[in-house]
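Right, one structure below, let's go through it.
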2 protein chains.
Amino acid sequence: MKLTPKGQATRQRIIEGAAEYLRGNAPGAVTLDDVGAVTRTSKGQIFHYFPDGKEGLLLAVARHEAGGVLTDQEPHLSALDSWESWTAWRDAVVARYQAQGRHCPLGALMDQMSSSPGTAEVITELLAQWQRAIRAGVVSMQASGQVRAELDPDRTAAAFVAGIQGGVQVLRATGRSDQLEAAFDLMLDYLRGA
Amino acid sequence: MKLTPKGQATRQRIIEGAAEYLRGNAPGAVTLDDVGAVTRTSKGQIFHYFPDGKEGLLLAVARHEAGGVLTDQEPHLSALDSWESWTAWRDAVVARYQAQGRHCPLGALMDQMSSSPGTAEVITELLAQWQRAIRAGVVSMQASGQVRAELDPDRTAAAFVAGIQGGVQVLRATGRSDQLEAAFDLMLDYLRGA
DNA sequence: GTTCTTCTGGACTTGCTAGTCCACAATTTG
DNA sequence: CAAATTGTGGACTAGCAAGTCCAGAAGAAC
């Protein structure tokens, strides 16, 4: 399928509108008519750009949202080489998710998972990237002697991913960020060797 | 609404059948006809026992499943008073969720959340109970001098909840329990004062 | 045992939604 | 400009699923 610049723009508009809409609504409850209304497009266009229909659209949205999760944490995530940068990252993540509340891209992604199977792979890849970035930070801290060398960077990074992920999940359910902050702080303390 | 013993049994059969079915399917994709087929009941019965229809049924299922999450972790959860009991608990949780894979009550609950609002409260209550139980374990370890006293039991318990929750979530998405184990071990190490 | 209540089955209605189809508009290409 | 391609709108279909309704069976009550 060839796309002119205009077509590209429309396709993008659909993805972004659908993404935003999905952040506030369960994927099962979002209809193509909703998407059309939000993005000012017709059924014809949606199927023109997403021949696989709803499933294809959701997958495209998933990929779009997955991209945003990590770039939202920049520039912190790529430069975890001092204690200041780690805490700055912590603060950025907490603030970000507090502000979003329920309108959470990552959470919306998780919700999509049970509906369309392809989403699971997108999430798996996202988590892997995330973990790699954190791992790099741990290694860099070890290289400069700020973190003890016997720590396993892989497992530490894995724990961070789980803790943040869980904290966000709890935040979505309860509206409170206590668990997210507690998990983050505990893990940072651990890193410091407290 | 009065229920004879027979009625009770039928109602229970519907809840349990629906619960099991929901563990493997997205709530939006589960129809009342499915539930009827699985539990060998008719539409009439479902609406007889759940006048609020699907939403009421889902809520009843949520409550049912929430009850199971904590009792599944017994007797460990109520007796976190020695290092052996903590690691036994860890092993039980990891084994449990590894075995379940995707058929996870807690995860299914989270999925329901975006569809029916009432579920969020059920989850909030469940998480609170869970956190209280862990907190009690931390306090008990402090009382016997096995954990340093300056640790905040509330925040520590909150971090545990987030870590486990996140680990389980990752397990559901990727099928791997690495993150769950890593988070658990990191937090236990932290508790030990490593 | 008859009368009242609860339980069960399933046909039916109603509304909604994914997906189709096609006519027409805009844009590119040569 | 003419022809081909790409973009847009919206009416229409088909099927599904929630919820209604009621007739009758099974069981309680006395």
Side-chain angles (χ1 to χ4, degrees), chain A residues 1-19 21-22 24-62 108 111-119, chain B residues 1-22 24-62 108 111-112 114-119:
Chain A
M1 181 169 57
K2 280 206 146 171
L3 288 187
T4 65
K6 188 182 180 187
Q8 277 286 3
T10 303
R11 192 186 137 98
Q12 198 61 21
R13 198 174 78 234
I14 295 175
I15 291 180
E16 281 165 13
Y21 196 77
L22 272 164
N25 300 276
V30 172
T31 72
L32 293 184
D33 291 309
D34 291 338
V35 174
V38 165
T39 61
R40 298 183 312 286
T41 48
S42 61
K43 275 268 181 61
Q45 295 181 73
I46 294 181
F47 279 86
H48 181 62
Y49 294 109
F50 304 95
D52 295 343
K54 195 176 184 182
E55 188 165 333
L57 172 58
L58 285 181
L59 199 58
V61 168
D111 284 349
Q112 269 183 51
M113 203 175 49
S114 42
S115 339
S116 45
T119 311
Chain B
M1 181 169 58
K2 280 208 145 176
L3 288 186
T4 65
K6 189 180 179 186
Q8 278 285 4
T10 303
R11 194 186 135 97
Q12 199 61 20
R13 197 174 77 235
I14 295 175
I15 291 179
E16 281 165 13
E20 177 166 355
Y21 196 77
L22 273 163
N25 300 276
V30 172
T31 72
L32 294 184
D33 292 308
D34 291 338
V35 173
V38 165
T39 62
R40 296 181 314 285
T41 47
S42 61
K43 275 267 181 64
Q45 294 181 71
I46 295 181
F47 280 86
H48 180 62
Y49 294 110
F50 304 94
D52 295 342
K54 194 175 183 180
E55 189 165 333
L57 171 59
L58 286 180
L59 200 58
V61 168
D111 284 349
Q112 269 183 51
S114 41
S115 338
S116 44
T119 311

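Just so it is clear: chains get the letters A, B, ... in the order the sequence lines come, proteins before strands, and each one is counted from 1. Because only heavy atoms are used, hydrogens play no part in the values below, and waters and symmetry mates are left out as well, while side chains stay in.
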Determine the minimum heavy-atom distance between B/Ala29 and B/Asp34, stating which atoms define it.
O-OD2, 3.8 Å
Determine the minimum heavy-atom distance between B/Gly118 and B/Leu59, stating which atoms define it.
C-CD1, 3.7 Å
Expected output is a numbered-order residue list: members of residues 111-118 of chain A with a heavy atom under 4.0 Å from any atom of DNA chain C. What is it?
none
Quick check on contacts: within residues 28-43 of chain A, what sits under 4.0 Å from DNA chain C by heavy-atom distance?
A/Val30, A/Thr31, A/Leu32, A/Lys43
Proximity to the side chain of B/Thr10 - top-ranked nucleotide from D/dT6, C/dT8, D/dA18
C/dT8
Going by the rule side chain to side chain donor-acceptor pair (under 3.5 Å), which residues pair with B/Glu16 if we only count those two or more places apart in sequence or in a different chain?
B/Gln12
Nearest-Å distance for atom pair [atom1]/[atom2], residues [X] and [N]:
| X | N | atom1 | atom2 | result |
| --- | --- | --- | --- | --- |
| B/Leu3 | C/dT8 | CG | C1' | 14 Å |
| B/Phe50 | C/dT8 | CZ | P | 12 Å |
| B/Tyr49 | C/dT5 | OH | P | 17 Å |
| A/Phe47 | C/dC22 | CZ | C1' | 15 Å |
| A/His48 | C/dT20 | NE2 | C1' | 15 Å |
| B/Ile46 | C/dC7 | CD1 | C1' | 14 Å |
| B/Gln8 | C/dT8 | CD | C1' | 17 Å |
| B/Leu57 | D/dA17 | CG | P | 15 Å |

Output every pair passing salt bridge (Lys or Arg N to Asp or Glu O under 4.0 Å) with a member in residues 47-58 of chain B, not counting sequence neighbours, ordered by first then second residue.
none
Once you round to the nearest 0.5 Å, how far does [atom1] of [X] lie from [atom2] of [Y]?
| X | Y | atom1 | atom2 | result |
| --- | --- | --- | --- | --- |
| A/Thr39 | A/Tyr21 | OG1 | OH | 11.5 Å |
| B/Ile15 | B/Tyr49 | CD1 | OH | 11.5 Å |
| B/Ser114 | A/Asp111 | OG | CG | 4.0 Å |
| B/Glu20 | B/Asn25 | CD | CG | 10.5 Å |

Which part of the nucleic acid, if any, lies within contact of A/Gly44, taking any heavy atom under 4.0 Å across all strands shown: a base, the sugar-phosphate backbone alone, or nothing?
base
Hey, which of B/Val61, B/Ile14, B/Leu22 is the one that makes side-chain contact (heavy atoms from CB on, under 4.5 Å) with B/Val35?
B/Ile14
Is any side-chain heavy atom of A/Thr10 less than 4.5 Å from a side-chain heavy atom of A/Thr41?
yes
What residues, two or more places apart in sequence or in another chain, satisfy side chain to side chain contact (heavy atoms under 4.5 Å, CB included) together with A/Lys43?
A/Leu32, A/Asp33, A/Phe47
Between the protein and nucleotides 25-30 of chain D, which nitrogen or oxygen pairs are less than 3.5 angstrom apart?
none

When you measure from the side-chain N and O atoms of B/Gln45 to the phosphate of C/dC7, is any distance below 4.0 Å, counting only OP1 and OP2?
no
